[in-house]
Structure formats: C-alpha cells, structure tokens
Amino acid sequence: MPPLDWWVIDPSGYDGAHFATFPPELITRPVIASCPEGGTILDPFGGSGTTAAVATGHGRNCISFDINESNLDLARERVGMFLTEAERTPA
Ligand SMILES: C[S@@+](CC[C@H](N)C(=O)[O-])C[C@H]1O[C@@H](n2cnc3c(N)ncnc32)[C@H](O)[C@@H]1O
C-alpha cells in the first residue's frame with residue numbers, strides 16, 4: 001500500500017523558460033482524485049501550464065491565471081488546442 005502522506009516523484013525536465021515548473025506526475029494524482037471528468041480545475045498560479053495540460057489531458061477543464069503574461073505563451077504551447085485565451089490585460 002503506498003503511503004498517503006508522502007509521495008516519491010521524480011523531478012521531470014522542462015525545456016521552457018519557467019523557473020519553477022511542477023512535474024506532471026505531481027499534479028496528476030490530485031487532479032484525478034479531486035475533480036470528476038468534465039469538472040473544472042482552478043489554478044491561480046498557472047505558470048507554464050502544467051496543471052492545465054494535465055487537467056485537459058484527463059478530461060477536466062482548467063481555468064489558469066498567472067501574473068506574468070509571458071507564461072501564457074508557455075502554457076499555450078503545453079496545452080495547445082485546448083487553451084482558450086480569455087483576455088490579455090492591456091499594458
Ligand atoms: C511555482 S510557479 C507555478 C508553476 C506551475 N505549477 C508550473 O508547473 O508551471 C508560481 C507562478 O505563480 C505566478 N504568480 C506569482 N504571484 C502571482 C499572483 N499574485 N497572481 C498570479 N500569479 C502569480 C508566478 O508568475 C509563477 O509563474
């Protein structure tokens with residue numbers, strides 16, 4: 001039986017220009033455990049879009065924010081066709 005209070009997860013590489021990207025495996029378990037298929041995940045610190053990529057890859061929707069607009073382009077690359085850009089804040 002795997003421990004429930006800690007996980008062993010390999011850090012996975014990410015070549016994009018983000019300094020603190022989560023390994024997708026870290027996000028997969030909570031996405032599947034906490035949100036039904038067709039449900040929506042909210043990630044207010046979206047960064048390079050790991051949560052959005054994992055969520056959409058597992059049949060969930062995702063609303064993702066990030067204070068740094070350049071991260072939108074990283075997230076778009078990772079989520080691809082599933083990402084709808086709501087609005088860019090005027091500079
Ligand atoms: C640890 S990183 C998230 C990494 C993300 N989980 C991934 O895998 O790419 C935290 C992110 O929060 C963003 N951030 C920091 N303060 C914020 C704020 N007040 N509102 C929205 N985003 C913020 C940063 O720009 C950074 O991209």
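We count ligands from 1, going down the list as the structure has it; atoms in each ligand are counted the same way.
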Can you check whether Thr21 reaches Arg78 side chain to side chain, under 4.5 Å on heavy atoms?
-> yes

Nitrogen or oxygen atoms of Ser48 and ligand 1 under 3.5 Å apart | yes

Using a strict cut-off of 4.0 Å, indicate which atoms of ligand 1 neighbour a heavy atom of Gly47.
-> 9 (O), 27 (O)

May I ask you to identify, for Asn71, whether its side chain, its backbone, both or neither come under 4.0 Å of ligand 1 on a heavy-atom basis?
-> side chain

Within the side chain of Asn61, is there an N or O that forms a donor-acceptor pair under 3.5 Å with the backbone of Gly38?
-> yes

Any nitrogen or oxygen of Phe22, main chain or side chain, under 3.5 Å from a nitrogen or oxygen of ligand 1?
-> yes

For ligand 1, which atoms have a heavy atom of Pro44 less than 4.0 angstrom away?
-> 21 (C), 22 (N)

Closest non-hydrogen contact found for Ala52 with Cys62 is CA-SG, 3.6 Å

Are any of the N/O atoms in Thr50 less than 3.5 Å from those in ligand 1?
-> yes

Can you name the closest pair of heavy atoms from Val79 and Ala53 and give their distance?
-> CG2-N, 3.6 Å

Test Leu42 against Phe65 for side chain to side chain contact (heavy atoms under 4.5 Å, CB included), laying out the working first.
-> CA-CA 8 Å; Leu42 175 66; Phe65 307 125; 3.7 Å; yes

Looking at ligand 1, does Ala75 have a heavy atom less than 4.0 Å from it?
-> no

Quick one: does Thr21 get within less than 4.0 Å of ligand 1, heavy atoms only?
-> yes

Is any N or O atom of Asp66, backbone or side chain, closer than 3.5 Å to an N or O atom of ligand 1?
-> yes

If you take all heavy atoms of Ser64 and Gly46, which pair is closest and at what distance?
-> OG-CA, 3.2 Å

Minimum non-hydrogen distance to atom 18 (C) of ligand 1, winning option of Leu26, Val54, Ile27, Ile67 = Ile67

Would you find a donor on one side and an acceptor on the other, under 3.5 Å apart, between the side chain of Arg60 and the backbone of Cys35?
-> yes

